[in-house]
Peer 1: 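Handing you this structure, nothing more for now.
Just so we're on the same page: letters track the sequence lines, and every chain starts at 1.
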2 protein chains.
Amino acid sequence: MTSVPARRARRHDPGRRDRLVDTTLDVIAEQGVAAATHRAIARAADVPLGSLTYHFGSLTELLAAAFTRHVDAVAERFDERMRAAPDRAAALEALVEHLTGDLLGSPRDLVLAVELYVAAARDPALRAVTQDWMSRSRRSLERHLDRVTAREVDALVEGLVLHSALSTDPMDADRIRSALHRLAG
Amino acid sequence: MTSVPARRARRHDPGRRDRLVDTTLDVIAEQGVAAATHRAIARAADVPLGSLTYHFGSLTELLAAAFTRHVDAVAERFDERMRAAPDRAAALEALVEHLTGDLLGSPRDLVLAVELYVAAARDPALRAVTQDWMSRSRRSLERHLDRVTAREVDALVEGLVLHSALSTDPMDADRIRSALHRLAG
DNA sequence: GGCTCATAGGAACGAACGTACACAACGGCC
DNA sequence: GGCCGTTGTGTACGTTCGTTCCTATGAGCC
């Protein structure tokens, strides 16, 4: 009588689709793209397996949706910073802050970035997401830097992110600031 | 009578182990780490499936051997260039040459680099290979650059490689040269 | 020539995967 | 309240995977 019949999420579950996208990002961040299977995501989101193929036609479609959401968030956050900067010097400092605070401070974002890089190298659908990210990032930088410099800075930033993700001793804020100033100062 | 009985590699096959490592690199370059399965590699090398687990205790061990061989080759080639450079300016030009000629000119090396990055992000055994690569690369740069600059240049190079692998319009030699000189010139 | 052991070969196992599909449940409309 | 179409659920199928294991072979030594 006092049984607990509904151990699973409620039957009627609006917003489940959204939640699945978020959970997918969690799984990718914690276990990598290779481990982001239908079953792993379903387990993490506490929904039945069939629910995934109902909401998303294929696993690739789900992964693309997840990466798109992540890229949107990061790109928007970065552009806000660039928009808020009154001049070039402030923009560079904001970039340092973005790198040392937002990105390098969050292993999750770092891992997601690298996972996206690699997944995009093989999957054309994901490559579009990556290229969108790169072009948005460059556009944000061009608010305060000329096109050529923006491109160089973008490449340096990419390298810094990668180094931080894979190296044991990441660069600190001072070194990053000095490199950026030498490149764009 | 004129049949072709032995379609497979000879029964006695010294050097097969070496050949397997090379074939593994080929498969990774052509189809990615995710597709580098025992069966795919065995097919590509034209050896029976069991041969792989005989020579290598596990798939990870084989992948590590393959990436190690690749990193050794690239790092040695790069250090040769740095050793040959008489001064700092020549070293920078050699670096430009290394990037535009060796690396960016060869999609294979580019792809292998990115695949290694991503595989290393998850597998500790492969991370050791990546870190060895990074430290060797930095040491080669330090033949002509101070430690701090070498580190910055290394990060920029990493970013350039990644951009080239994923972007549709890679930077050309002039832009790379200009960025390097601004950072290290 | 016979023995021995490292190497070669192929079949098999259990697990995990993406996806398909038939059925259950329920909100919205009459 | 009863119908209907959307949404949710659980099972099953076929494939592929890493790995194991048993057998066959032949080169090197006596």
Peer 1: Suppose the criterion is side-chain hydrogen bond (donor to acceptor under 3.5 Å, both in side chains): which pairs have a residue in residues 81-92 of chain B, not counting sequence neighbours?
Peer 2: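 Output for this query lists B:Glu76-B:Arg83, B:Asp79-B:Arg83, B:Arg81-B:Asp102.
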Peer 1: Going by ring-ring contact (aromatic ring centres under 6.0 Å, His included), name the pairs with one or both residues in residues 163-185 of chain A, residues two or more places apart or in two chains.
Peer 2: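 Every pair satisfying ring-ring contact (aromatic ring centres under 6.0 Å, His included) with a residue in residues 163-185 of chain A: there are none.
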Peer 1: Please list all pairs meeting ring-ring contact (aromatic ring centres under 6.0 Å, His included) that have one or both residues in residues 63-101 of chain B, counting only residues at least two apart or in different chains.
Peer 2: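 Of all non-adjacent pairs touching residues 63-101 of chain B, those that pass ring-ring contact (aromatic ring centres under 6.0 Å, His included) are B:Phe78-B:His98.
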Peer 1: So, using salt bridge (Lys or Arg N to Asp or Glu O under 4.0 Å) as the criterion, who are the partners of A:Arg177 when residues are at least two apart?
Peer 2: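 Result, salt bridge (Lys or Arg N to Asp or Glu O under 4.0 Å) vs A:Arg177: A:Glu93, A:Asp174.
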Peer 1: Run the side chain to side chain donor-acceptor pair (under 3.5 Å) test against B:Thr60 and tell me which residues pass, sequence neighbours left out.
Peer 2: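 B:Thr60 satisfies side chain to side chain donor-acceptor pair (under 3.5 Å) with no other residue.
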Peer 1: Kindly state each residue pair satisfying side-chain hydrogen bond (donor to acceptor under 3.5 Å, both in side chains) with at least one member in residues 23-35 of chain A, sequence neighbours excluded.
Peer 2: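 The answer is A:Asp26-A:Arg108.
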Peer 1: Which parts of nucleotides 20-30 of chain D does protein reach within less than 4.0 Å, heavy atoms only, written one letter per nucleotide 5' to 3' as B for base, S for sugar-phosphate only and - for none?
Peer 2: B---BSS----
Peer 1: Could you list all N or O pairs between the protein and nucleotides 13-16 of chain C that sit under 3.5 Å apart?
Peer 2:
none

Peer 1: Side-chain atoms of residues 47-59 of chain A: list all donor-acceptor pairs with protein atoms under 3.5 Å, sequence neighbours left out, distances to 0.1 Å.
Peer 2:
from: A:Ser51; atom 1: OG; to: A:Arg16; atom 2: NH1; distance (Å): 3.0
from: A:Thr53; atom 1: OG1; to: A:Gly50; atom 2: O; distance (Å): 3.2
from: A:Ser58; atom 1: OG; to: A:Glu61; atom 2: N; distance (Å): 3.2

Peer 1: Which angle, to the nearest 10 degrees, lies between the helix axes at the two ends of the helix from C:dG1-D:dC30 to C:dC30-D:dG1, each defined by five pairs?
Peer 2: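 Rounded value for the end-axis angle: 0°.
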Peer 1: Mind checking what makes salt bridge (Lys or Arg N to Asp or Glu O under 4.0 Å) contact with B:Glu158, not counting sequence neighbours?
Peer 2: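 For B:Glu158 there are no salt bridge (Lys or Arg N to Asp or Glu O under 4.0 Å) partners, ignoring immediate neighbours.
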Peer 1: Taking only residues two or more places apart in sequence or in another chain, which ones pass salt bridge (Lys or Arg N to Asp or Glu O under 4.0 Å) with B:Asp109?
Peer 2: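 B:Asp109 satisfies salt bridge (Lys or Arg N to Asp or Glu O under 4.0 Å) with B:Arg77 once adjacent residues are dropped.
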Peer 1: If you check every side-chain atom of A:His38, which of C:dG18, D:dT9, D:dT19 has the closest atom?
Peer 2: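 Among the listed nucleotides, the one closest to the side chain of A:His38 is C:dG18.
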